[in-house]
Protein chains: 2
Amino acid sequence: MINVEIISIGDELLIGQTINTNASWIGAKLAENGIKVSYVATISDTWEAITSALQEAQRRSQVVLITGGLGPTKDDITKQVLCAYFDTQLVLDQEVLSHVESFFIKRNRPMLEVNKMQAMVPEVSEVLFNEQGTAPGMWFEKDGTIFVSMPGVPYEMKYLVETHVIPRLTERFPVKKLVQRTYLTQGIGESFLAEKLTDWENGLRAEGLDLAYLPSPGMVKLRISSASGNQARVTFYGEELKKMIPVYLYGEEEETLPEVVGKLLKSNGETIGTVESCTGGSIMASLTSVSGSSDYVLGGFITYSNELKMKLAHVGSETLERFGAVSEETVLEMAAGGKRELGVDWSISVSGIAGPLGGTDDKPVGTVWIAIDGPDRKISRKFLFGTDRQRTVQMTVLTALNLLRCEILGINIEKKQD
Amino acid sequence: MINVEIISIGDELLIGQTINTNASWIGAKLAENGIKVSYVATISDTWEAITSALQEAQRRSQVVLITGGLGPTKDDITKQVLCAYFDTQLVLDQEVLSHVESFFIKRNRPMLEVNKMQAMVPEVSEVLFNEQGTAPGMWFEKDGTIFVSMPGVPYEMKYLVETHVIPRLTERFPVKKLVQRTYLTQGIGESFLAEKLTDWENGLRAEGLDLAYLPSPGMVKLRISSASGNQARVTFYGEELKKMIPVYLYGEEEETLPEVVGKLLKSNGETIGTVESCTGGSIMASLTSVSGSSDYVLGGFITYSNELKMKLAHVGSETLERFGAVSEETVLEMAAGGKRELGVDWSISVSGIAGPLGGTDDKPVGTVWIAIDGPDRKISRKFLFGTDRQRTVQMTVLTALNLLRCEILGINIEKKQD
């Protein structure tokens with residue numbers, strides 16, 4: 001087992017202006033590949049701090065992943081410190097330079113001297129090409145320790161780790177790959193799920209497999225793993241799981257709900273539109289986050305005001321007066337109006353009280369009505385999502401998409417949700 | 001200036017199952033009180049890792065704040081390691097014991113033997129009473145270094161830091177409070193900003209103030225700070241900055257663009273709507289993320305298909321044929337149609353190629369047209385946001401909202417954007 005260490009450089013991390021999500025992302029990614037991070041040092045962007053961090057890391061670890069301190073502005077000195085530490089000098093890398101140049105040409109932006117600087121790399125380092133930005137990754141080796149320097153910008157760092165670092169490390173340090181598969185659920189809390197799955201989980205553990213519950217707002221990921229690499233049993237229990245909770249289990253591994261729903265719509269040759277109030281377009285934003293969604297997404301109405309609910313989705317004024325904007329009657333009329341006006345096969349509508357203000361005794365903050373009007377039938381469901389505005393919107397989007405998935409697949413959902 | 005170090009104990013932090021928010025919270029809290037954290041060590045829950053972390057910390061720092069590893073479960077060995085390190089033994093603290101007992105009585109839950117263990121504290125340590133939980137904080141001093149051990153449960157740790165640690169540290173090490181203010185910019189890259197601000201930045205640094213660039217997609221935060229607590233000069237340079245880059249500087253501290261735009265619309269008594277194509281409703285989702293936005297947000301059209309661009313926003317079929325969906329002519333007609341049909345004072349429209357597919361030579365992936373149709377005039381701007389779909393949408397939302405801010409304030413933006 002090798003020691004892998006992360007050095008996160010940046011004062012913004014130390015004073016809490018930025019949370020060190022890079023380190024946890026790297027930790028999780030490496031863990032998936034059977035490599036465990038054993039130490040994370042978060043340090044200041046100074047010559048002394050970086051130098052002593054490199055020295056200590058060399059004592060402790062065989063692999064040292066460094067993030068941050070490679071931006072073009074003058075307060076970034078990491079590259080100079082690396083030169084001193086590895087007793088080398090900055091040299092111009094033509095390949096990187098032309099990449100940086102093309103990067104600016106693509107965005108038709110003028111290239112500055114400071115940007116040219118990014119093509120200067122330590123002579124002894126091996127360049128890890130950064131397709132996502134202008135600061136290259138740099139690979140060093142010294143006295144049996146590997147050092148990799150990467151920019152702190154998350155999507156650039158992630159690109160370098162996935163494309164360069166992990167493939168090289170797993171080749172260099174072959175590990176018995178832990179076999180695991182992640183199953184994704186929506187609409188049921190961790191404890192309810194655990195209760196439903198007790199026998200299944202016991203059986204799985206009795207065979208020496210492991211199970212992890214990974215909750216996030218509105219979702220719980222179930223990760224089945226076999227340290228002994230027993231793919232067959234992991235798959236077996238996964239298939240069992242699918243049969244047990246079809247209402248909640250929407251996908252596997254990296255799938256997202258809009259992707260799953262999109263695949264279904266595409267294969268059915270059906271189209272979708274939305275009529276959104278409290279979500280303000282977030283359901284459609286989620287549906288269109290999938291590349292190629294224009295094959296099945298036509299569009300939608302955002303009817304934030306009652307006037308537009310009436311004008312665009314033809315909700316009856318008497319419906320709004322009698323039952324209110326947040327009611328079963330209103331969302332059903334919104335969905336029907338949207339289906340007709342947008343000319344879609346499937347119409348999703350939502351109306352709720354995102355809060356924190358606007359709640360009443362019978363309609364507290366977090367009350368959300370969702371309706372789906374499809375080719376064969378229409379359904380409506382009521383939910384209560386608590387008092388946090390952002391979270392209620394997020395939960396509503398996930399819940400609406402999972403309802404749609406069930407409707408498309410003809411899976412019946414009992415009216416009472418947990 | 002004293003060196004303050006945090007030791008975060010827990011494998012869940014290293015494998016990325018939990019993000020180390022405790023460290024950043026402590027960093028921010030201490031910074032507010034003029035104390036700067038200079039190092040964070042995130043380590044494994046093992047005897048060796050904890051011991052060597054304590055030794056290294058002793059070499060480096062005068063204050064060492066330790067979180068985690070104090071839970072009742074048997075795998076938490078921190079307390080034993082602390083006893084060994086400080087050459088002492090666990091003794092029963094009656095006060096803590098009765099607190100723990102009352103804690104369980106209050107919640108009428110049975111108290112287990114493992115809970116009794118939490119009243120055992122190292123003999124040489126001073127107990128920091130934990131009103132929020134059963135694991136007490138512990139204060140040690142050794143060879144001029146202060147060690148504080150706290151539970152990792154965020155609200156318990158926060159209670160101990162605010163009630164015990166900060167008061168003691170600020171009394172022991174009286175410091176000038178660091179004064180800082182953050183200014184938020186959109187629409188200009190870090191390097192371009194740095195170039196624009198060279199003289200201003202040099203002047204600021206010459207006065208002993210400090211400046212940090214904190215980039216995130218589409219935005220750069222500028223943090224001006226004075227270690228000597230010179231509020232007046234920080235404010236002075238902040239005001240200078242506002243005059244220098246009104247097009248880019250949209251807010252301060254924790255403000256968000258939708259909040260800033262919302263305040264302006266509200267105070268003008270004006271309303272807003274959107275006609276969105278490639279953003280799929282994300283602009284409206286951002287606008288409505290602000291509580292109380294129903295005062296000025298009426299709603300919008302999501303016109304993903306050309307048919308709906310024509311039907312809902314009345315874009316001419318010949319416009320679409322001649323110039324295409326992603327064109328100045330189309331977004332201008334979308335904005336005008338939306339303004340009329342939605343009955344709003346301000347209408348934002350966007351049409352672009354989010355990609356990764358669908359690009360052409362003259363309209364590459366990432367090409368986005370934005371138009372704003374307001375009470376007095378209409379503008380349109382073209383942008384090129386690169387090849388990442390999510391990022392292009394995110395950049396488009398921020399850019400559209402900042403354009404709207406400038407239009408409302410009557411700040412003219414040159415047609416050529418960087």
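To find a chain, count down the sequence lines: A is the first, B the second, and so on, and within it residues start at 1.
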Exercise for review: Please determine if Glu56(B) and Arg59(A) form a salt bridge, counting it only when a charged side-chain N lies under 4.0 Å from a carboxylate O.
Suggested key: no
Practice item. Let me know if Leu308(B) has heavy atoms under 4.5 Å from chain A in its side chain, its backbone, both or neither. Key: side chain
Check your understanding: Is chain A contacted by the side chain of Gln180(B), its backbone, both, or neither, given a heavy-atom distance below 4.5 Å?
Key -> side chain
Point to revise | Results of side chain to side chain donor-acceptor pair (under 3.5 Å) for Ser347(A) - residues two or more places apart only | key: none
Review point. Are Val40(B) and Leu13(A) side-chain neighbours, meaning at least one heavy-atom pair lies under 4.5 Å?
Key: no
**Study point:** Lys36(A) atom NZ, neighbour heavy-atom count above 12 within 6.0 Å
**Key:** yes
Practice item. Would you check if Thr387(B) and Lys106(A) make a side-chain contact, meaning some heavy-atom pair closer than 4.5 Å? Key: no
**Study point:** Ser291(A) side chain reached by Leu357(B) side chain, heavy atoms, under 4.5 Å
**Key:** yes
Check your understanding: Of the backbone (N, CA, C, O) and the side chain (C-beta and beyond), which part of Val290(B) lies under 4.5 Å from a heavy atom of chain A, both, or neither?
Key -> backbone
Check your understanding: For Leu214(B), is it the side chain, the backbone, both or neither that has a heavy atom under 4.5 Å from a heavy atom of chain A?
Key -> side chain
Check your understanding: Closest approach of Leu14(B) and Tyr39(A), non-hydrogen atoms and distance?
Key -> CD2-N, 3.9 Å
Check your understanding: chain A: which of Thr21(B), Ile19(B), Leu193(B) shares the most heavy-atom pairs with it under 4.5 Å?
Key -> Ile19(B)
**Study point:** Non-hydrogen side-chain atoms of Ile15(A) and Arg223(B) separated by less than 4.5 Å
**Key:** yes
Practice item. Pick whichever of Ser52(B), Ser294(B), Ala23(B), Ala49(B) has the most heavy-atom pairs under 4.5 Å with chain A. Key: Ser294(B)
Point to revise | Atom group of Glu307(B) that falls short of 4.5 Å from chain A, counting heavy atoms | key: neither
Check your understanding: Who wins among Asp11(B), Ile43(B), Thr46(B), Val297(B) for the most heavy-atom pairs under 4.5 Å with chain A?
Key -> Val297(B)
Name every donor-acceptor pair, under 3.5 Å, that has one atom in a side chain of residues 277-288 of chain B and the other anywhere in the protein, sequence neighbours excluded.
{"residue": "Ser277(B)", "atom": "OG", "partner": "Thr303(B)", "partner atom": "O", "Å": "3.4"}
{"residue": "Ser277(B)", "atom": "OG", "partner": "Lys309(B)", "partner atom": "NZ", "Å": "3.1"}
{"residue": "Thr279(B)", "atom": "OG1", "partner": "Glu276(B)", "partner atom": "OE1", "Å": "2.7"}
{"residue": "Ser282(B)", "atom": "OG", "partner": "Thr279(B)", "partner atom": "O", "Å": "2.8"}
{"residue": "Thr288(B)", "atom": "OG1", "partner": "Met284(B)", "partner atom": "O", "Å": "2.9"}
{"residue": "Thr288(B)", "atom": "OG1", "partner": "Ala285(B)", "partner atom": "O", "Å": "3.2"}

Check your understanding: Going by heavy atoms in the side chains, are Glu195(B) and Glu113(A) under 4.5 Å from each other?
Key -> no
Check your understanding: Under a 4.5 Å heavy-atom cut-off, does chain A meet the side chain of Val393(B), its backbone, both or neither?
Key -> neither
Point to revise | Part of Ala31(B) lying under 4.5 Å from any heavy atom of chain A | key: side chain
Practice item. Let me know if Asn306(B) has heavy atoms under 4.5 Å from chain A in its side chain, its backbone, both or neither. Key: neither
Review point. Which one, Ala41(A), Ala354(A), Gly299(A), Gly358(A), leads in non-hydrogen pairs under 4.5 Å with chain B?
Key: Gly299(A)
**Study point:** For chain A, the option from Ser38(B), Gly355(B), Gly292(B) that forms the most heavy-atom pairs under 4.5 Å
**Key:** Ser38(B)
Check your understanding: chain B heavy atoms under 4.5 Å from Phe103(A): which part of the residue, side chain, backbone, both or neither?
Key -> neither
Practice item. Measure the shortest side-chain to side-chain distance between Asn20(A) and Asn20(B) over non-hydrogen atoms and say whether it is less than 4.5 angstrom. Key: no
Review point. Is any side-chain heavy atom of Leu342(B) closer than 4.5 Å to a side-chain heavy atom of Leu312(A)?
Key: yes
Check your understanding: Is it the side chain or the backbone of Ser293(B) that comes within 4.5 Å of chain A heavy atoms, both, or neither?
Key -> both
